[in-house]
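Some notes on the structure that comes next.
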There are 2 protein chains.
Amino acid sequence: MLPPGEPKFRRRPADRPAEILSAALEVFAERGFQAARLEEVAKRAGVSKGALYLYFETKADLFRAVVTDAVSPNLENVKALASSPVPFEQAVRMGVGMLARKVVTDRRITGVVKLVIAESRNHPELATIWHETVVEPGITLLSGLIAAAQARGEIRPGDPRLYAFGLMGPMVLSMVWRETFEPIGAKPLDVPALAEQHLDTVLKGMRP
Amino acid sequence: MLPPGEPKFRRRPADRPAEILSAALEVFAERGFQAARLEEVAKRAGVSKGALYLYFETKADLFRAVVTDAVSPNLENVKALASSPVPFEQAVRMGVGMLARKVVTDRRITGVVKLVIAESRNHPELATIWHETVVEPGITLLSGLIAAAQARGEIRPGDPRLYAFGLMGPMVLSMVWRETFEPIGAKPLDVPALAEQHLDTVLKGMRP
DNA sequence: TCTTTCTAACTGACCAGTCAGTTATTACTC
DNA sequence: GAGTAATAACTGACTGGTCAGTTAGAAAGA
């Protein structure tokens, strides 16, 4: 009955949490928190449902781990950008360009962002984590750069924070587009091209 | 036991569907489709759970009705804008301004938009409806105006569709901000101010 | 051997959907 | 216009399926 060459299951406690998190991210991103089935997560991770409970206490606990785990790479990006001493326009182009090429096109990230939006009422602590670690530092960094450039006379007057929202908006729209409308057959969106054209337009519009 | 002055229930079949849809919109927007409880919808609509089934066949049917019902006012806005023969810049300012003042600040609409994003995998037909009736017509209208203005030499070369995304992006970001981050105590966003500054910047940047 | 990791069958709470019975409203009668 | 039958609107207790979380014991390793 059982092919004896293939072990019925492998014991790899060191790899399990990451494998489970990866499978859980897929299922949560596809279904949302409530509709996601732990049996499905276990299947994709190659374990039984019971094994999940060796590593995570509850479904909500696993969900929190998935979302908080996905914060860190973005946090790295913000930090890296903050510590690179380049002129204003170059820094903004680097930041938005990175968003377009690395973040918006990465389903694992857009999926989590969608989850944070969708479940912000049921799991506000996750929205708080993303806000405090990624969103607010990112906006603060960007609007700081803008304010400094304004002080040097390189940019027109105007609320730096609103300028930051104006720059980032189309990247958020791109995430929504890829998650919501491309799967149902909408015209695909060329995100790097959008980023480039938008940067050209807005940076020109921001000049005195 | 029962205060005889207050009738145990009122019969108002004509008003019921609208009352149920209104209550359902609230609950679905707060909890999402799966986590929403029909008992809670019934309670807020002032009826029993059984009464819901006199007007809607299933929970999914009620959900579809909520989301499709919320399309129509937006559809009206797009149509009204399409048929007003005003010059390019004025039309764009009217459109984005209307979004900022009427759409982004209306919880009933931002709530439904959030639902469409969140449930697009489980209920793709709703994403399709919104895409076909509101999103694609809106983008087509806007990029058509831009292309015409380019033909008259009023606007620099560039993909009109990407210009449209660049204009609308911050309004989508605003919806996300209000739905996701303001409830957890993030700095409130002055959406009309954002719309105005962004329009000033982008329209300036789009000029030849 | 004993411990750790894992499975598979199980349990119990929850909730969408049902339905037998109740109440309000309308229609009809005298 | 008072009484009464017929109908439409509504209630709330109930049911059956689903699924998060549990557990007894098997498999792997030391």
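Every heavy atom of this structure was used, including side-chain atoms; hydrogens, water molecules and symmetry mates were not. Numbered from 1 within each chain, the chains take letters A, B, ... in sequence-line order.
Here C:dA16 is the nucleotide among C:dA16, D:dC10, D:dG21 with the atom lying nearest to any side-chain atom of B:Lys59.
At D:dC10, none of the side-chain N or O atoms of B:Tyr53 fall inside 4.0 Å of OP1 or OP2 (strictly under the cut-off).
The nearest whole Å value for the distance from the OH atom in A:Tyr55 to the C1' atom in D:dG21 is 17 Å. Spacing between atom CD of A:Glu40 and atom P of D:dA20 amounts to 11 Å, rounded to whole angstrom units. Distance CZ (B:Phe56) to P (C:dA16): 16 Å, rounded to an integer number of Å. Taking atom CG on B:Leu54 and atom C1' on D:dG12, their separation rounds to 13 Å, with Å as the unit. The CD atom of B:Glu57 sits 12 Å away from the C1' atom of C:dG17 (whole-angstrom rounding). Between A:Lys43 atom NZ and D:dC19 atom P there is a gap of 13 Å when expressed in whole angstrom units. A:Leu52 has its CG atom 15 Å from the C1' atom of D:dT23, to the nearest Å.
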Check step by step if salt bridge (Lys or Arg N to Asp or Glu O under 4.0 Å) holds for B:Arg44 and B:Glu40. CA-CA 6 Å; B:Arg44 296 200 198 181; B:Glu40 178 67 20; 2.8 Å; yes
CA sep, side-chain torsions, deciding dist, call: B:Thr105, B:Arg178, side-chain hydrogen bond (donor to acceptor under 3.5 Å, both in side chains): CA-CA 8 Å; B:Thr105 49; B:Arg178 293 185 83 92; over 6 Å; no
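For the segment residues 25-38 of chain B, no residue has any heavy atom less than 4.0 angstrom from an atom of DNA chain D. For the segment residues 61-68 of chain A, no residue has any heavy atom less than 4.0 angstrom from an atom of DNA chain D.
Between A:Phe181 and B:Trp130, the distance separating the two ring centers is not shorter than 6.0 angstrom.
A salt bridge does not link A:Glu119 to A:Arg31: none of the charged nitrogens lies less than 4.0 Å from a carboxylate oxygen. A salt bridge does not link A:Asp190 with B:Arg161: every distance from a Lys NZ or Arg NE/NH1/NH2 to an Asp or Glu carboxylate oxygen is 4.0 Å or more.
Atom CD of A:Glu196 has 12 or fewer neighbouring heavy atoms from other residues, nucleotides or ligands inside a 6.0 Å radius. Shown here is A:Glu57, whose CD atom has no more than 12 heavy atoms of other residues, nucleotides or ligands within 6.0 Å.
With values rounded to the nearest 0.5 angstrom, B:Ile20 atom CD1 is found 10.5 Å from B:Leu38 atom CG.
With A:Arg121 as the fixed residue, the salt bridge (charged side-chain N to carboxylate O under 4.0 Å, His left out) test singles out one of B:Glu179, B:Glu30, B:Glu26: B:Glu179.
Between the side chain of A:Lys49 and the base of D:dG21, a donor-acceptor pair under 3.5 Å is found.
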